[in-house]
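Scroll down for the structure; my scribbles are underneath it.
Labels below follow one simple rule: chain letters A, B, ... track the order of the sequence lines, proteins then strands, and each chain is numbered from 1.
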2 protein chains.
Amino acid sequence: MRKFNMSYVRRVGALEDSFLGSGLPYGTARILYEIGLGAGTVQELRIRLGGLDSGYVSRMLRTLETKGYVTVKPDPADGRRRLVELTEDGLKQWDDLERRSEERAHQLLDPLTPRQRDRLNEALATADLLVRAATITIEQVDPRDPMAQEAMGHYFAEIGDRFGFTVGDEGFGDDPSLRPPHGAFFVAASDGAPVACGGVREFDGTGEIKRMWVDPAWRGAGLGSRLLRHLEAEALRLGHTVVRLDTRDVLSEAIGVYERAGYERIDRYNDNPHATHFFRKELG
Amino acid sequence: MRKFNMSYVRRVGALEDSFLGSGLPYGTARILYEIGLGAGTVQELRIRLGGLDSGYVSRMLRTLETKGYVTVKPDPADGRRRLVELTEDGLKQWDDLERRSEERAHQLLDPLTPRQRDRLNEALATADLLVRAATITIEQVDPRDPMAQEAMGHYFAEIGDRFGFTVGDEGFGDDPSLRPPHGAFFVAASDGAPVACGGVREFDGTGEIKRMWVDPAWRGAGLGSRLLRHLEAEALRLGHTVVRLDTRDVLSEAIGVYERAGYERIDRYNDNPHATHFFRKELG
DNA sequence: GTAGATATCTGACTAAAGTCAGATATATGA
DNA sequence: TCATATATCTGACTTTAGTCAGATATCTAC
């Protein structure tokens with residue numbers, strides 16, 4: 001991997017140079033590009049760019065503003081925040097960056113045969129997926145946290161359970177049992193977007209895993225197993241030596257994950273009307 | 001490819017940050033690292049680092065020298081040049097960079113399963129090879145040029161022809177027919193090292209391709225065909241509509257390249273005692 | 001031996017990138 | 001309502017990275 005970095009950056013790093021030739025310094029061009037990918041608040045921008053200094057970003061936005069490439073206005077939802085978006089001129093600049101970058105990439109790949117180009121694309125796609133997978137972070141959050149809510153939204157939508165939330169609630173059933181001290185909820189995120197979630201709670205004297213979901217695009221990448229290990233560790237920490245869970249036949253990939261993780265089929269242990277399969281595992 | 005760059009650099013780019021934490025600025029650390037990969041003249045260093053300004057490099061070397069990480073002394077072979085190498089302290093620093101970088105890579109890959117790690121390595125190796133292949137440059141040089149000499153050295157070594165050069169010559173037979181105006185010689189280089197070569201000349205009223213060689217590590221990557229197309233174009237430019245060539249059975253890959261490029265077998269057309277196969281192609 | 005060419009160095013410079021300490025205005029919770 | 005926290009901005013600053021124009025010593029070809 002390190003060998004690849006050295007060699008790749010030396011050769012292709014120049015791709016980034018295409019940001020130049022736009023009359024903008026690299027940092028400023030990067031910000032312009034990022035705004036073009038999606039307008040938003042200054043703060044979002046800073047995070048997406050990897051935590052740049054607020055003063056630094058502010059100054060660059062001022063530059064872009066005086067050049068007429070972006071507009072900055074207060075966020076109606078929170079007067080402290082400011083919303084940034086591209087002007088028409090800014091969009092033109094952005095398209096320009098995009099085109100130049102595309103051109104450079106084509107030129108670079110020109111000497112390759114079509115078959116080699118296909119192989120390269122495939123290899124890069126694989127590498128990208130795996131690196132993304134490696135940099136997914138699993139974090140414990142409150143089930144009422146927006147990220148958790150978003151993830152559970154996907155979960156309930158997928159199992160077609162329109163009753164996952166109580167009418168009148170603002171979000172999906174805030175199950176207090178999934179919060180400390182006797183429970184926990186985890187969200188796995190990639191680039192700030194939730195790609196998997198799951199919770200542990202106590203039920204009938206043992207640990208129980210609930211609401212485990214993995215983004216369809218991420219299935220088969222080992223993320224389910226990783227999350228499950230995380231949940232089991234938490235169950236153990238909460239003092240359980242046995243965990244159980246129920247699931248339904250629609251979630252076929254999930255069933256595979258449980259089986260490969262050493263779960264054994266058991267009889268129905270609760271009265272969940274939607275559940276079709278029940279599992280159990282000894283921990284420790 | 002561009003998508004990969006954005007995503008990869010954002011995630012793994014931080015690998016380069018490991019150059020920091022060494023108390024050295026990035027540029028200086030890069031030089032130190034490069035010296036550690038192989039001592040040599042300042043010039044070699046500059047080229048390996050992608051053509052940095054001589055003043056800039058000189059200054060950084062001065063910094064490293066006063067820190068006691070490198071020694072710089074005149075090259076006995078050419079008093080204008082200076083040789084750079086690591087001191088013991090410098091080697092320690094280098095190992096440190098190496099270790100930190102390695103650590104960082106391991107940490108990054110930690111969440112992946114061994115199978116995923118293998119897949120990633122394979123994908124990166126493929127991508128690296130192809131990107132290297134794409135950035136190989138083919139340039140016309142004088143056959144007496146050191147690069148050409150080095151490439152021909154490999155060629156003669158491989159065909160086991162100890163008589164490729166005339167005794168008393170400093171290098172490999174400087175065949176004036178491979179120089180303009182009636183001939184040309186080309187070297188393909190990757191990272192400053194020759195990986196393929198070949199020449200065209202006039203022989204008996206038609207074009208003739210001579211001394212075509214591809215580094216064994218690069219065979220099967222389409223480089224031979226690419227070089228051959230180059231040589232054919234040159235032959236055409238020199239006014240030939242037919243090219244011929246001879247080769248010997250030891251160079252089996254080469255024979256495949258000629259056949260796939262549309263060459264047809266012909267009878268012996270010269271008295272080269274080592275040649276076993278003879279080919280011909282109409283151009284244009 | 002002399003006229004270039006080459007390799008490195010020095011000094012003077014610029015621009016980009018980033019840091020840090022407040023200032024200001026708005027939001028939030030007790 | 002008041003203390004505190006948050007989001008952004010401004011000004012003053014430092015470090016890196018890189019450029020350019022000579023200066024100097026050495027080599028090469030004629």
### Task
Could you work out which one of dT6(D), dC9(D), dT8(D) sits closest to the side chain of Ser58(A)?
dC9(D)

### Query
Roughly how many Å is it from CG in Leu61(A) to P in dT10(D), rounded to a whole number?
11 Å

### Query
Would you say the base of dG11(D) and the side-chain of Arg59(A) have a donor-acceptor pair closer than 3.5 Å?
yes

### Task
Whole angstrom is fine here: how far is it from CG in Leu45(B) over to P in dC9(C)?
11 Å

### Query
Which pair of non-hydrogen atoms, one from Arg62(A) and one from Val72(A), has the smallest distance, and what is that distance?
NH1-CG2, 4.1 Å

#### Entry: Side chain to side chain, Thr63(A) and Tyr69(A), heavy atoms closer than 4.5 Å
no

#### Entry: Interatomic distance where CD belongs to Gln43(A) and P belongs to dA25(C) [whole Å]
20 Å

### Query
Asp78(A) near the nucleic acid: base, sugar-phosphate alone, or nothing, with a heavy-atom cut-off under 4.0 Å?
sugar-phosphate

### Task
Send over the distance from Ile31(A) CD1 to dA16(C) P, rounded to a whole Å.
14 Å

### Query
Any side-chain heavy atom of Leu86(B) within less than 4.5 Å of one from Leu32(B)?
yes

### Query
Closer than 4.0 Å, any side-chain N/O of Arg81(A) to the OP1 or OP2 of dT26(C)?
no

### Task
Would you give the length of the straight line joining atom CG of Asp96(A) to atom CZ of Arg99(A), rounded to the nearest 0.5 angstrom?
4.5 Å

### Residue met sooner reading DNA chain C from 5', once Tyr56(B) and Pro76(A) are mapped to nucleotides
Tyr56(B)

## Note on the structure
On DNA chain C, more 5' by nearest nucleotide between Gly55(A) and Gly79(A) is Gly55(A)

### Message
Counting the atoms with a prime plus P, OP1 and OP2 as sugar-phosphate, which does Gly27(A) contact under 4.0 Å by heavy atoms, base, sugar-phosphate, or nothing?
### Response
sugar-phosphate

### Query
Can you check the Met60(B) CE to dA17(D) P distance for me, whole Å?
7 Å

#### Entry: Ser54(B) side-chain proximity, nearest of dC9(C), dA17(D), dG18(C)
dC9(C)

### Task
Report yes if some heavy atom in the side chain of Arg179(A) is under 4.5 Å from a heavy atom in the side chain of Asp142(A); otherwise report no.
yes

### Task
Could you state the atom-to-atom distance from CG of Asp53(B) to P of dA12(C) in whole Å?
16 Å

### Gap between atoms CZ and C1', on Arg62(B) and dC9(C) respectively (whole Å)
7 Å

### Summary
Arg82(A) CZ to dA27(C) C1', in whole Å, measures 16 Å

